[in-house]
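First the structure, in the form of structure tokens, and then the observations on it.
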Amino acid sequence: HSDNTPANLAVTTNRPQIFNQMCLACHTLQGQGGTVGPALDGIGLRKDRATIVEWLRDPTKVKADSKMPKLPLKESDIAELSAFLSQLKEGAK
């Protein structure tokens with residue numbers, strides 16, 4: 001890359017495929033994605049992995065008025081997503 005390319009340029013290849021397929025429809029990360037849900041930058045600072053697992057299993061069980069639907073995620077998807085999301089500790093606004 002050239003010297004004027006930002007070091008934090010969004011790269012989708014280091015993200016789980018399920019994240020790119022499901023999460024980016026409604027959430028942004030590093031400026032890419034939908035705007036229905038909140039940005040996921042820095043989510044690992046706000047929520048621990050156990051909370052993220054519970055949220056992914058059934059968002060309205062964690063927050064009754066959540067706009068996020070219960071997604072058809074397998075436990076393996078939830079494990080992969082929670083590991084990825086809990087490590088996102090930069091870029092929070």
Side-chain angles (χ1 to χ4, degrees):
H1 74 266
S2 66
D3 289 345
N4 61 1
T5 302
N8 64 350
L9 189 65
V11 178
T12 57
T13 54
N14 66 348
R15 300 174 185 170
Q17 185 176 357
I18 190 76
F19 179 85
N20 293 328
Q21 291 172 335
M22 300 290 280
C23 307
L24 287 179
C26 296
H27 296 276
T28 58
L29 181 62
Q30 298 175 325
Q32 293 181 329
T35 57
V36 174
L40 295 175
D41 300 278
I43 189 69
L45 294 172
R46 300 187 300 276
K47 308 277 186 213
D48 64 22
R49 186 171 179 180
T51 303
I52 293 170
V53 166
E54 290 305 311
W55 186 271
L56 292 172
R57 283 187 182 142
D58 191 350
T60 56
K61 188 175 174 186
V62 178
K63 184 180 177 195
D65 63 345
S66 173
K67 291 183 177 134
M68 182 170 164
K70 184 174 179 179
L71 298 170
L73 297 169
K74 298 181 288 203
E75 280 300 309
S76 58
D77 296 332
I78 290 171
E80 186 176 22
L81 286 170
S82 63
F84 173 69
L85 292 168
S86 65
Q87 293 176 35
L88 296 178
K89 298 189 177 177
E90 295 179 9
K93 293 189 167 67

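Just so it is clear, the model here is predicted, and its values are computed rather than measured. Numbers for residues simply follow the sequence, beginning at 1.
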Checklist entry - So which heavy atom on A39 is nearest to which on R46, and how close? => result O-NH2, 3.3 Å
Checklist entry - Between the side chain of E54 and the main-chain N/O of A50, is any donor-acceptor distance below 3.5 Å? => result no
Checklist entry - Has the side chain of R49 got a donor or acceptor atom that lies under 3.5 Å from a matching backbone atom of A79? => result yes
Checklist entry - Roughly how far, to the nearest 0.5 Å, is the OG1 atom of T60 from the CE atom of M68? => result 10.0 Å
Checklist entry - For Q17, which residues count as a side-chain contact (heavy atoms from CB on, under 4.5 Å) partner, sequence neighbours excluded? => result Q21
Item to check | Separation between CG of L73 and CD of E80, rounded to the nearest 0.5 Å | outcome: 10.5 Å
Checklist entry - Say you draw a straight line from CG of L56 to CD1 of I18; how long is it, rounded to the nearest 0.5 Å? => result 10.0 Å
Next on the checklist: For a quick test of reading the model, state the closest non-hydrogen atom pair linking A83 to S86 and the distance between them.
Outcome noted: O-OG, 3.2 Å
Checklist outcome for this item: Those residues at least two apart in sequence (or on a different chain) that pass side-chain contact (heavy atoms from CB on, under 4.5 Å) with K70 are D58, P59
Checklist entry - Are the side chains of S66 and K61 in touch, meaning some heavy atoms are under 4.5 Å apart? => result no
Checklist entry - Rounded to the nearest 0.5 Å, what separation is found between the CG atom of D77 and the CG atom of L71? => result 10.0 Å
Item to check | H27 side chain to P38 backbone, donor-acceptor under 3.5 Å | outcome: yes
Checklist entry - How long is the span from the CZ atom in R15 to the CG atom in L85, to the nearest 0.5 Å? => result 10.5 Å
Checklist entry - Which heavy-atom pair separates C23 from L40 by the least distance, and what is that distance? => result CB-CD1, 4.5 Å
Next on the checklist: Let me confirm one number: the CG-CG distance from L29 to D41, rounded to the nearest 0.5 Å.
Outcome noted: 5.0 Å
